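The block underneath contains the structure these notes are about, expressed in structure tokens.
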Amino acid sequence: MNSQSKQPGCFSYGCLISAFIVIILGAFLTWWGIRSVKGAVEMYTTPAASSLVRLSEDVSSNDNVNGDKLLGLLRALDSGNDFADSFTSTDLNAAVRIRGLEENISLALNGDKVFLRFSLPLGFLGEWRAARIIVPNINSRFATGELAGKFEITDGVPKVELEKFVLNQKLFDEMARGHASTWLEGALVSALGDLSLVEKLFTQDSLLHVTVNSAQNQAAKVR
């Protein structure tokens, strides 16, 4: 009677070696991911707010009047009413001051571009739930920098083209600016809500022009 030699099972030799390699590789990738996230947070954010060099010193004598123009836009978007107006840098900065963010944000309109300097806690920009596991205090760190570019909305679709993006004194390249532009397009939707009524938003001659069409007018245009 011929006896057949037993072949090694899956839990010996090659399989065990492969499993060991997978465990080591997984541990390395986890360590590398945590190290990368921590490094990025430390590189591009600061533990405290930075003093802003203001882009515009034009201060309105009545912030409520200027800030109400922007509130009128938000009310039109919320209620679905018609709205058409233009905003100056003074109007936008008045709205910033009404929100109590004058130490964190400075805006300027120049030609067809928007210029923005900011020093904002990361908690203001999002919840960062996954990153909080690795960096528990991430919400209290600050994103400080500046950006410049074109901000437009056409028929409810936002489009952002950043020409300059600096974070913690580090200048981002074209690919990073593209990712930041996409994020800002989403941020516009979050800040302004439903944009479907916005027929046009653009900057020209250092003014931000906005036209909102009511739902009734949009329905009439379709007919």
Side-chain angles (χ1 to χ4, degrees), residues 52-120 124-126 143 145-166 177 180-223:
L52 295 182
V53 178
R54 305 203 65 78
L55 290 165
S56 175
E57 294 300 331
D58 54 343
V59 177
S60 169
S61 59
N62 192 340
D63 278 351
N64 289 325
V65 172
N66 297 81
D68 276 349
K69 291 179 67 177
L70 186 59
L71 292 178
L73 167 61
L74 297 178
R75 283 193 291 267
L77 291 172
D78 186 55
S79 61
N81 294 328
D82 289 337
F83 180 92
D85 209 339
S86 299
F87 299 87
T88 65
S89 298
T90 302
D91 297 329
L92 298 177
N93 283 311
V96 167
R97 284 190 290 273
I98 289 174
R99 291 290 305 276
L101 295 172
E102 65 273 13
E103 299 299 323
N104 304 96
I105 297 175
S106 178
L107 283 155
L109 305 174
N110 190 349
D112 62 349
K113 296 180 180 61
V114 177
F115 294 81
L116 172 68
R117 284 181 180 159
F118 56 89
S119 185
L120 291 163
F124 183 87
L125 302 173
E146 59 183 295
L147 56 83
K150 296 181 180 180
F151 291 72
E152 299 177 0
I153 300 175
T154 303
D155 294 329
V157 180
K159 182 180 180 182
V160 177
E161 294 181 0
L162 289 183
E163 297 180 3
K164 180 181 181 182
F165 182 37
V166 177
R177 291 198 305 271
S181 296
T182 302
W183 184 87
L184 285 169
E185 289 169 358
L188 279 175
V189 175
S190 298
L192 298 178
D194 183 11
L195 300 180
S196 61
L197 299 180
V198 180
E199 181 178 311
K200 198 69 178 173
L201 180 150
F202 64 99
T203 305
Q204 187 178 58
D205 300 326
S206 301
L207 292 170
L208 182 67
H209 304 277
V210 185
T211 302
V212 175
N213 270 337
S214 66
Q216 292 86 347
N217 282 347
Q218 286 194 349
K221 286 171 67 177
V222 171
R223 294 193 200 103

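Given the structure is predicted, the values throughout are model-derived calculations rather than measurements.
The distance from the CG atom of Leu116 to the CD1 atom of Ile105 is 6.5 Å, given to the nearest 0.5 Å. The CZ atom of Arg117 sits 15.0 Å away from the CG atom of Asn104 when rounded to the nearest 0.5 Å. The distance from atom CG of Leu107 to atom CZ of Phe87, rounded to the nearest 0.5 Å, is 12.5 Å. Distance CG/Leu195 to CD1/Ile153: 4.5 Å, rounded to 0.5 Å. Atom CD of residue Glu103 and atom CZ of residue Arg97 lie 11.0 Å apart, to the nearest 0.5 angstrom. Rounded to the nearest 0.5 Å, atoms CZ (Phe202) and CG (Leu207) are 9.5 Å apart.
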Taking it one step at a time, do Lys159 and Glu161 satisfy salt bridge (charged side-chain N to carboxylate O under 4.0 Å, His left out)? CA-CA 7 Å; Lys159 182 180 180 182; Glu161 294 181 0; 3.1 Å; yes

Are Val166 and Leu147 close enough, and set up right, to give a side chain to side chain contact (heavy atoms under 4.5 Å, CB included), and what steps lead you there? CA-CA 6 Å; Val166 177; Leu147 56 83; over 6 Å; no

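Ser106 approaches Leu55 most closely through the heavy-atom pair OG-N, 2.9 Å. When all heavy atoms of Asn110 and Phe115 are compared, the closest pair comes out as CB-CE1, 3.5 Å. The shortest non-hydrogen separation linking Phe83 to Leu73 is CE1-N, 3.6 Å.
Considering only heavy atoms from C-beta on, Arg54 comes within 4.5 Å of Asn93 through its side chain. Between Leu197 and Asn213, every side-chain heavy-atom pair lies at or beyond the 4.5 Å cut-off. A heavy-atom distance below 4.5 Å is not found between the side chains of Lys150 and Thr203. Within the 4.5 Å cutoff, no side-chain heavy atoms of Leu208 are placed close to those of Asp91. A heavy-atom distance below 4.5 Å is not found between the side chains of Val212 and Asp82.
Thr154 contributes no side-chain N or O that, together with a main-chain N or O of Val157, makes up a donor-acceptor pair within less than 3.5 Å. Ser196 places no side-chain N or O within donor-acceptor distance of the main-chain N or O of Gly156, the cut-off being under 3.5 Å. Asp78 contributes no side-chain N or O that, together with a main-chain N or O of Leu74, makes up a donor-acceptor pair within less than 3.5 Å. In terms of modelled atom types and a separation under 3.5 Å, the side chain of Ser86 and the main chain of His209 share no donor-acceptor contact.
By the 6.0 Å contact criterion, NZ on Lys200 is enclosed, its count of non-hydrogen atoms from other residues, nucleotides or ligands being greater than 12.
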